[in-house]
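Written below as structure tokens is the structure these notes are about.
The analysis underlying the following values was restricted to heavy atoms, covering all of them including side chains, and did not include hydrogens, waters or symmetry mates.
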Number of protein chains: 2
Amino acid sequence: VTRAAVLGAGSWGTAFAKVMADAGTDVRLWARRPELAKEIQATRRNPDYLPDIELPAGIEATGEAAEALAGAELVVIAVPSQTLRANLEAWTPELPDGSLLVSLMKGVELGTTQRMSEVIRDVTGVPQERVAVVTGPNLAGEIAEQQPAAAVVASVDPARAEQLQVACTTNYFRPYTNTDVIGCELGGAVKNVIALACGMAEGMGFGDNTRASLITRGLAETTRLGLALGADPMTFAGLAGLGDLVATCISPLSRNRTVGWKLGRRMTLDQVLADTRQTAEGVKSCRSILDLAGKQGVDMPITEHVVMVCQDGMRPTDMVARLMGRETKPE
Amino acid sequence: VTRAAVLGAGSWGTAFAKVMADAGTDVRLWARRPELAKEIQATRRNPDYLPDIELPAGIEATGEAAEALAGAELVVIAVPSQTLRANLEAWTPELPDGSLLVSLMKGVELGTTQRMSEVIRDVTGVPQERVAVVTGPNLAGEIAEQQPAAAVVASVDPARAEQLQVACTTNYFRPYTNTDVIGCELGGAVKNVIALACGMAEGMGFGDNTRASLITRGLAETTRLGLALGADPMTFAGLAGLGDLVATCISPLSRNRTVGWKLGRRMTLDQVLADTRQTAEGVKSCRSILDLAGKQGVDMPITEHVVMVCQDGMRPTDMVARLMGRETKPE
């Protein structure tokens with residue numbers, strides 16, 4: 001039996017721990033707050049993020065990262081993107097030799113503009129063969145309900161991707177392997193930004209034509225950035241690109257879309273964030289993605305406008321009107 | 001002032017007539033039923049398809065095709081795909097010399113497996129330079145409400161595409177020109193079939209992960225067919241491919257998605273069609289698209305399964321389970 005540590009008991013960390021346990025993997029789930037770990041262990045539920053889902057017996061919850069990590073062949077990391085470096089610095093001495101480090105995170109680090117797999121390698125010094133990512137159209141709440149879903153597991157080493165694939169294949173979760181780590185990570189990170197823009201448009205009362213145009217142009221700017229960084233353009237047409245983008249932009253369950261929607265309804269960013277327990281990755285990653293694009297000389301107009309709204313105080317009404325290339329009538 | 005005939009007063013024909021009139025084009029709108037033409041002319045509304053929209057003064061409605069066609073530089077055709085040939089045979093003697101024949105239709109003819117522009121050329125004998133198509137993420141109801149939308153106008157002759165572009169550019173409708181007529185038409189036709197599949201999945205209670213996977217794999221099979229037929233693969237990543245597909249698959253206003261949703265709710269196809277005034281193109285086009293793919297040796301699994309449901313009586317539950325590659329639990 002494969003042994004895995006899942007570090008981070010938010011909604012996706014918890015749902016993926018369930019997937020792995022359902023796949024027959026022996027899972028230790030680390031929660032940052034010891035009281036949450038205790039409650040998960042006692043009740044087989046995560047009351048904060050997936051209260052209605054009964055977790056399988058194959059998951060042990062713990063508040064001690066060292067306990068979760070001991071003997072793990074797979075180290076699955078699901079913390080907010082901007083906290084990865086600090087968390088990982090603390091965990092590095094405990095990482096088992098030869099373990100595969102798996103990122104569930106979808107973001108780009110502020111300041112360094114590193115993708116999550118790059119942060120992992122930067123902090124731990126492991127070779128790229130020991131890093132993998134999981135991505136695709138995978139809304140945590142639907143996966144936890146065992147709705148059928150396709151996903152992507154990517155590593156530059158196909159054997160490592162297959163090792164991960166086996167550890168998370170169930171009758172409702174079907175992962176496909178891929179070797180384009182760069183493309184998979186960029187697709188996952190930029191879609192959060194595009195989902196913010198879609199949410200804003202929807203909150204302002206724009207319809208599905210506008211959302212479809214934003215999704216189309218959003219995927220185009222993601223692909224441009226990916227090409228500049230050496231990704232395979234086909235990745236963006238697949239589950240890790242288009243699939244993840246569409247799921248995030250259409251789902252009422254998507255946090256980034258919901259944050260965008262509230263901004264579109266004229267709430268301020270401070271009000272919205274005070275209202276939200278979970279992390280909307282795009283609010284911070286938009287800046288680092290735009291910086292990354294700037295270094296590559298790639299034009300990303302939607303991302304640029306999301307930065308203006310989330311960081312520079314532009315009103316979403318002005319943003320959508322500018323993106324659609326014209327002034328629109330007031331509602 | 002450019003003079004245009006719009007042949008067909010369904011929701012998209014009527015909405016596009018409004019777009020052209022708002023762009024300053026002189027429009028005659030032909031309705032098959034003379035009483036509808038009279039009512040549009042008298043009330044400036046189309047009570048059957050867009051009852052809440054006031055039509056601009058630049059539209060004259062008529063029940064006489066010859067009257068609509070007299071002096072038209074642009075002949076815009078918006079009839080159900082499977083009726084195009086018979087309609088056009090009647091109109092051909094009246095087509096003004098040198099006029100541009102513009103298809104708003106999204107289908108493939110049963111039997112011949114011809115795209116709409118091919119049917120137009122087959123019946124009228126005009127050279128391909130005199131045919132154009134309009135496509136993109138353009139839900140008629142939203143366009144009629146003047147929500148901002150991007151679109152594509154395609155002709156192998158860039159000058160003809162620009163002629164059409166000028167005749168339909170307004171402050172809410174922004175058409176981009178394209179020369180890939182094949183790709184634009186295929187994107188528009190196949191998306192109706194994928195929207196049926198998405199609607200079925202949704203009607204059965206599947207969530208956004210499943211819908212996003214169907215959209216992703218649907219675009220992949222559309223692109224495969226396009227490549228075999230000589231289309232530009234980039235077309236499918238743009239507004240005429242991805243954009244139109246996403247708008248149709250996510251919108252509650254989409255007829256094909258709605259028909260699929262009802263099938264997913266266990267209504268029979270006969271019940272659904274009896275319930276629907278408007279044409280759901282995909283119900284018939286799925287067969288001709290599958291035939292076209294068969295001639296090219298292209299595998300289109302989603303289209304194949306939609307044909308099984310719409311023509312061979314397969315239950316949607318079996319279809320989605322087979323497409324997702326596994327048996328699912330009953331609801």
| said: Check this for me: does any side-chain nitrogen of one of A/E281 and A/R255 sit under 4.0 Å from a carboxylate oxygen of the other? | reply: no

| note | Among residues 244-254 of chain A, those lying within the under-4.5 Å heavy-atom range of chain B are A/V246, A/A247, A/I250, A/S251, A/P252

| message | Given heavy-atom pairs under 4.5 angstrom as the criterion, report whether the side chain, backbone, both or neither of A/L139 touches chain B. | response |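 Looking at A/L139, backbone and side chain both touch chain B.
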
| task | Could you look at A/A237 and say if it's the side chain, the backbone, both or neither that has a heavy atom under 4.5 Å from chain B? | result |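 Contact with chain B: backbone only.
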
| query | B/T235: what forms a side chain to side chain donor-acceptor pair (under 3.5 Å) with it, not counting sequence neighbours? | reply | B/D180

| task | Can you label the angle between the B/F173 ring and the B/W12 ring as parallel, tilted or perpendicular, going by 30° and 60°? | result | tilted

Compile the donor-acceptor pairs under 3.5 Å between side chains in residues 181-189 of chain A and protein atoms, sequence neighbours left out, one pair per line.
unit_1	atom_1	unit_2	atom_2	d
A/E185	OE1	A/R115	NH1	2.7
A/E185	OE1	A/S117	OG	2.6
A/E185	OE2	A/M116	N	3.4
A/E185	OE2	A/S117	N	2.8

| remark: Heaviest contributor of heavy-atom pairs below 4.5 Å to chain B, chosen from A/G136, A/G238, A/P137, is A/P137

| message | Is the shortest side-chain heavy-atom distance between A/C168 and A/V153 below 4.5 Å? | response |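 They are in side-chain contact.
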
| field | pair B/K18-B/Q146: side-chain heavy atoms closer than 4.5 Å | value |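 Yes; the side chains approach each other to less than 4.5 Å.
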
| query | Pairs in or reaching into residues 142-154 of chain B: which pass salt bridge (Lys or Arg N to Asp or Glu O under 4.0 Å), with residues at least two apart or in two chains? | reply | none

